[in-house]
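Have a look at the structure below before the remarks.
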There are 2 protein chains.
Amino acid sequence: MNKTRKEIPVNTLERMVKYRRILDNYAADGKTIIYSHEMAKLAGNTPSQMRRDLMSCGCAGSTRAGYNVQEMQTNIKSVLGYSETKQTILVGVGNLGKAILSYFSFRVPRVQVVAAFDVMPHRIDRVISGTRCHDIKEMETIIKEQSVTLGIITVPREEAQALADRLVAAGIVGILNFAPVTLDLPDHVYVENMDITMKIEKIAFYSGEK
Amino acid sequence: MNKTRKEIPVNTLERMVKYRRILDNYAADGKTIIYSHEMAKLAGNTPSQMRRDLMSCGCAGSTRAGYNVQEMQTNIKSVLGYSETKQTILVGVGNLGKAILSYFSFRVPRVQVVAAFDVMPHRIDRVISGTRCHDIKEMETIIKEQSVTLGIITVPREEAQALADRLVAAGIVGILNFAPVTLDLPDHVYVENMDITMKIEKIAFYSGEK
DNA sequence: CGTGTTCTGTGAAAAGTTTCACAAAATGGC
DNA sequence: GCCATTTTGTGAAACTTTTCACAGAACACG
Ligand SMILES: NC(=O)c1ccc[n+]([C@@H]2O[C@H](COP(=O)([O-])OP(=O)(O)OC[C@H]3O[C@@H](n4cnc5c(N)ncnc54)[C@H](O)[C@@H]3O)[C@@H](O)[C@H]2O)c1
Ligand SMILES: NC(=O)c1ccc[n+]([C@@H]2O[C@H](COP(=O)([O-])OP(=O)(O)OC[C@H]3O[C@@H](n4cnc5c(N)ncnc54)[C@H](O)[C@@H]3O)[C@@H](O)[C@H]2O)c1
């Protein structure tokens with residue numbers, strides 16, 4: 001889209017989200033400047049990588065005086081696109097869906113979960129952490145009415161692909177998928193999978209080595 | 001540790017977990033061979049990458065006849081270390097903790113969640129999806145008695161670092177952390193973070209571009 | 001039995017990411 | 001005002017991962 005976007009390495013972008021969080025906490029303590037090595041400590045990486053990443057988002061520090069916290073916050077939020085909030089829905093208000101609703105309601109400023117959906121009558125019309133769960137039949141209507149562009153999938157594995165197709169047909173262009181399947185979707189849809197199994201098996205593999 | 005391990009690229013290892021899942025489903029349909037392009041379709045990547053990955057785990061296909069499913073399953077499980085199960089605990093039986101307990105109880109064969117812990121009296125001594133929640137005071141004892149090596153952290157952000165220190169002191173060497181903080185721990189402990197915020201912001205960033 | 005087709009295996013190139021190492025800038029102490 | 005010290009910014013090297021492209025193996029079919 002804009003020029004800056006294209007140039008930011010994917011890995012840097014991922015870390016940027018972490019940096020935002022770190023700076024928000026850091027600023028809350030009244031601190032106004034920070035050195036690359038201090039920030040690296042907080043982020044669990046190296047000063048060198050910090051400086052590179054900061055360059056990518058247009059943050060300039062000054063020698064000896066480090067980086068200005070507020071300027072960094074502004075730059076990072078601008079790079080991440082904080083001027084625009086994205087309307088989001090969550091489908092599948094089971095164990096995981098409920099947990100995520102409770103989390104998002106107060107944690108992710110840039111992404112707004114406007115509605116949730118389920119098939120089970122006993123879930124429908126309940127409000128979980130501020131988000132109403134609707135009948136899945138109303139999904140397409142609400143997506144259109146509220147200009148929803150992102151979807152979070154927390155339905156059982158077997159239902160995920162069919163649901164994803166429906167989301168895409170309704171205009172969704174970004175999906176966070178918690179079901180353990182590879183979704184097969186058109187190229188214009190951006191998908192990320194949250195694979196808890198993968199992470200825990202990775203830990204099982206690498207832990208106890210060093 | 002052993003020779004094979006060192007040589008497997010990290011990204012390949014991550015995908016291996018996915019391949020195991022795919023093959024389990026594929027084999028359940030009675031299929032016994034698969035081509036790299038078929039498997040790539042199921043995994044959402046390229047035939048070329050599939051073949052590379054398969055090489056890393058010692059799977060040899062044969063020209064024209066593709067790969068033997070059973071052999072691949074055996075090899076992948078052996079690479080991932082399925083001969084040995086790891087004892088695991090989960091700390092913080094809140095919304096997310098409960099969701100994860102219900103998931104792990106039947107999904108991840110190689111990792112066994114043997115106990116959960118919480119501070120709140122009303123959580124303690126309840127059994128969630130087959131796993132008992134104990135008083136956090138008993139944690140160190142149970143870790144030792146059951147030879148627990150991995151820990152899953154689902155406590156509030158503020159509690160995470162102190163808890164992680166306690167886990168490490170008790171002998172835990174691998175941690176899956178859901179709290180949105182960078183844990184500062186000794187080098188011998190392998191940590192992975194599950195960052196939902198990061199994923200959703202990444203989607204917000206990249207979606208609607210292509 | 002030979003020919004065309006469809007696969008795998010893999011060197012080598014390309015692309016992406018991290019780390020190194022050091023010049024240049026800024027600061028504080030003297 | 002000058003020197004020692006600390007910190008940034010960045011080319012270039014090192015490393016990692018993905019993709020390309022094609023030789024060679026295996027099979028089907030005539
Ligand atoms: N629980 C976890 O920690 C965890 C972790 C990783 C992945 N997952 C995956 O997340 C998904 C949900 O897990 P869960 O534990 O919350 O399961 P769950 O059974 O508690 O919840 C699933 C919910 O989806 C609803 N649902 C089913 N079909 C639907 C449809 N077509 N449209 C709308 N809603 C529908 C159900 O009514 C239910 O409320 C599963 O795919 C699971 O594999 C869960
Ligand atoms: N809910 C989500 O989808 C989600 C997503 C990403 C990250 N997280 C993170 O996961 C963590 C848990 O989230 P949640 O929504 O389940 O919160 P929650 O408040 O529902 O659960 C936290 C649980 O931890 C327990 N606890 C607190 N201090 C403890 C201690 N010292 N020892 C043992 N137990 C303790 C509490 O009693 C409670 O049961 C938080 O750090 C949150 O930021 C949650």
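By convention in this document, chain letters (A, B, ...) are assigned in the order of the sequence lines, proteins followed by strands, and residues within each chain are numbered from 1.
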Atom CE of B:Met50 and atom P of C:dC7: how far apart are they, to the nearest Å? 15 Å
Determine the contact category for B:Thr12: base if any of its heavy atoms lies under 4.0 Å from a base atom, sugar-phosphate if only primed atoms, P, OP1 or OP2 are that close, otherwise nothing. nothing
Please give, in whole Å, the distance from D:dC15 P to B:Glu7 CD? 16 Å
With the side chain of B:Arg52 defined as its heavy atoms from C-beta on, choose the nearest nucleotide among C:dC20, C:dT10, D:dT7. C:dT10
Atom CD1 of B:Ile33 and atom P of C:dC7 are separated, to the nearest Å, by 9 Å
Assign A:Ser62 to base, sugar-phosphate, or nothing according to its heavy-atom contacts below 4.0 angstrom with the strands shown. sugar-phosphate
In this structure, how many angstroms lie between the C1' atom of D:dA26 and the OH atom of B:Tyr67, rounded? 14 Å
Can you tell me whether the side chain of A:Arg64 and the base of C:dT27 have a donor-acceptor pair closer than 3.5 Å? yes
Nearest atoms (heavy-atom pairs only) where B:Ile76 meets B:Cys57: CG1-SG, 3.9 Å
Does the pair A:Lys77/A:Asp24 count as a salt bridge with the N-to-O cut at 4.0 Å? yes
Checking contacts here: which listed nucleotide (C:dT17, C:dT8, D:dT17) is nearest the side-chain heavy atoms of B:Thr63? C:dT8
Please tell me which of the listed nucleotides, D:dT10, C:dT6, D:dT8, lies nearest to the side chain of A:Ser48? D:dT10
When the distance from CE of A:Met55 to C1' of C:dT18 is rounded to whole Å, what number comes out? 14 Å
Closest to the B:Pro9 side chain: D:dT17, C:dT6, C:dC7? D:dT17
Exercise: identify the closest heavy-atom pair between B:Ile142 and B:Ala115: CG2-CB, 4.2 Å
For atom CG of A:Leu13 and atom P of C:dT18, their distance in whole Å: 12 Å
Is B:Lys202 salt-bridged to B:Asp195, cutoff N-O under 4.0 Å? no
Atom-to-atom span, CZ of A:Arg51 to C1' of C:dT18 - whole angstrom: 13 Å
Mind calculating the distance between CD1 (B:Ile8) and C1' (D:dT17) to the nearest angstrom? 15 Å
The residue, A:Asn11 or B:Pro47, whose nearest nucleotide of DNA chain C is more 5′ is B:Pro47
What's the closest nucleotide to the B:Gln49 side chain, out of D:dT17, C:dT8, D:dT18? D:dT18
Of all the nucleotides listed (D:dT7, D:dT10, C:dT19), which has the minimum atom distance to the side chain of A:Thr46? C:dT19
Residues B:Arg166 and B:Glu140 bridged, charged N to O under 4.0 Å: yes
